[in-house]
Amino acid sequence: MEERTRAYRWAEALCRYAGADEAFLQDFWERLTADTEIYEEFVYYLDHQDFLCKVKIAGYGLVDLMVFQIDHFRAVMDQDVEDMRLNKDKMLLLAFNSLLLMRKDPVPFVRMMQNETGTDRQI
């Protein structure tokens, strides 16, 4: 099967498992295929079930976004997507989506990752 077809089917499956609608899938796919480096990361993960870790934006990559998401499961639960901490597919999809959004404007993501701890404790 052609790589692009396999990648699209996987994106479609991730969206389905994550509860994302067709509009999200189409928007995600357009942005993903327009960015060759992030698309390469996506296909690498599809083929190897591991991170390529080639794309860095403002010093952060896909793994950093995944760790940030895991660390922020409480904040995510407040956003009414509590299944994310149990839904690896959703977490992965949102990490790729965040990386694509970061490519356009890294500042909000960098601020969040540098300033938010994801915990309720106060220092």
Side-chain angles (χ1 to χ4, degrees):
M1 183 183 316
E2 180 188 335
E3 173 191 284
R4 200 165 179 95
T5 301
R6 283 185 326 104
Y8 180 81
R9 287 186 179 164
W10 187 52
E12 189 175 42
L14 283 176
C15 285
R16 185 175 54 253
Y17 299 145
D21 63 14
E22 182 69 24
F24 180 90
L25 168 62
Q26 294 310 315
D27 177 61
F28 174 76
W29 184 250
E30 285 179 30
R31 290 180 294 116
L32 180 66
T33 55
D35 190 310
T36 56
E37 291 179 320
I38 296 176
Y39 175 78
E40 180 184 6
E41 294 261 356
F42 189 79
V43 171
Y44 185 88
Y45 192 90
L46 170 62
D47 291 340
H48 302 280
Q49 300 299 296
D50 198 6
F51 300 101
L52 182 59
C53 297
K54 185 177 172 183
V55 175
K56 298 285 185 189
I57 301 169
Y60 296 97
L62 193 59
V63 172
D64 299 305
L65 289 166
M66 291 286 292
V67 169
F68 179 77
Q69 288 175 173
I70 291 166
D71 190 40
H72 282 72
F73 75 90
R74 287 182 191 198
V76 170
M77 286 178 9
D78 290 342
Q79 296 171 18
D80 200 25
V81 286
E82 67 274 352
D83 64 323
M84 190 160 128
R85 68 185 167 112
L86 303 174
N87 188 333
K88 176 186 166 195
D89 296 316
K90 186 173 206 167
M91 209 171 229
L92 186 63
L93 176 66
L94 293 180
F96 272 107
N97 189 56
S98 293
L99 193 62
L100 288 165
L101 294 172
M102 224 176 145
R103 179 76 87 188
K104 288 182 101 169
D105 186 10
V107 174
F109 293 92
V110 171
R111 270 194 208 125
M112 282 190 303
M113 289 191 281
Q114 290 178 348
N115 297 322
E116 295 180 17
T117 64
T119 66
D120 291 334
R121 73 178 169 198
Q122 295 187 9
I123 299 174

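Source: prediction; values computed, not measured.
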Check your understanding: Would you find a donor on one side and an acceptor on the other, under 3.5 Å apart, between the side chain of E37 and the backbone of K54?
Key ->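 Such a contact is absent between E37 side chain and K54 backbone.
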Point to revise | Under 3.5 Å: donor-acceptor pair, side chain of N97, backbone of L93 | key: no
Compare every heavy atom of [Y] with every heavy atom of [X], then report the nearest pair and how far apart it is.
X	Y	answer
L99	L65	N-CD1, 3.6 Å
V43	A7	CG2-CB, 4.1 Å
M113	Y60	CE-CG, 3.5 Å

Check your understanding: Same hydrophobic cluster for Y44 and V63, using side-chain heavy-atom links shorter than 4.5 Å among ILVMFWY?
Key -> no
Check your understanding: Are M91 and L52 connected in the hydrophobic side-chain network, where two residues link if heavy atoms are under 4.5 Å apart?
Key ->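 M91 does not cluster with L52.
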Side chains of [X] and [Y] in contact at under 4.5 Å (non-hydrogen atoms):
X	Y	result
L25	Y8	yes
R4	Y39	yes
E30	D27	no
D64	K56	yes
L14	F96	no
I38	R31	no
F42	T33	no
M66	F51	yes

Check your understanding: Which of these, V55, I57, V107, sits in a side-chain contact (heavy atoms from CB on, under 4.5 Å) with M102?
Key ->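 Answer after filtering V55, I57, V107: I57.
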Check your understanding: Which of these, Q49, E41, H48, sits in a side-chain contact (heavy atoms from CB on, under 4.5 Å) with Y45?
Key -> Q49
Which value, rounded to the nearest 0.5 Å, describes the distance between [X] atom [atom1] and [Y] atom [atom2]?
X	Y	atom1	atom2	result
F24	C15	CZ	SG	5.5 Å
E12	R9	CD	CZ	8.0 Å
R16	K90	CZ	NZ	15.0 Å
W10	D89	CH2	CG	8.0 Å

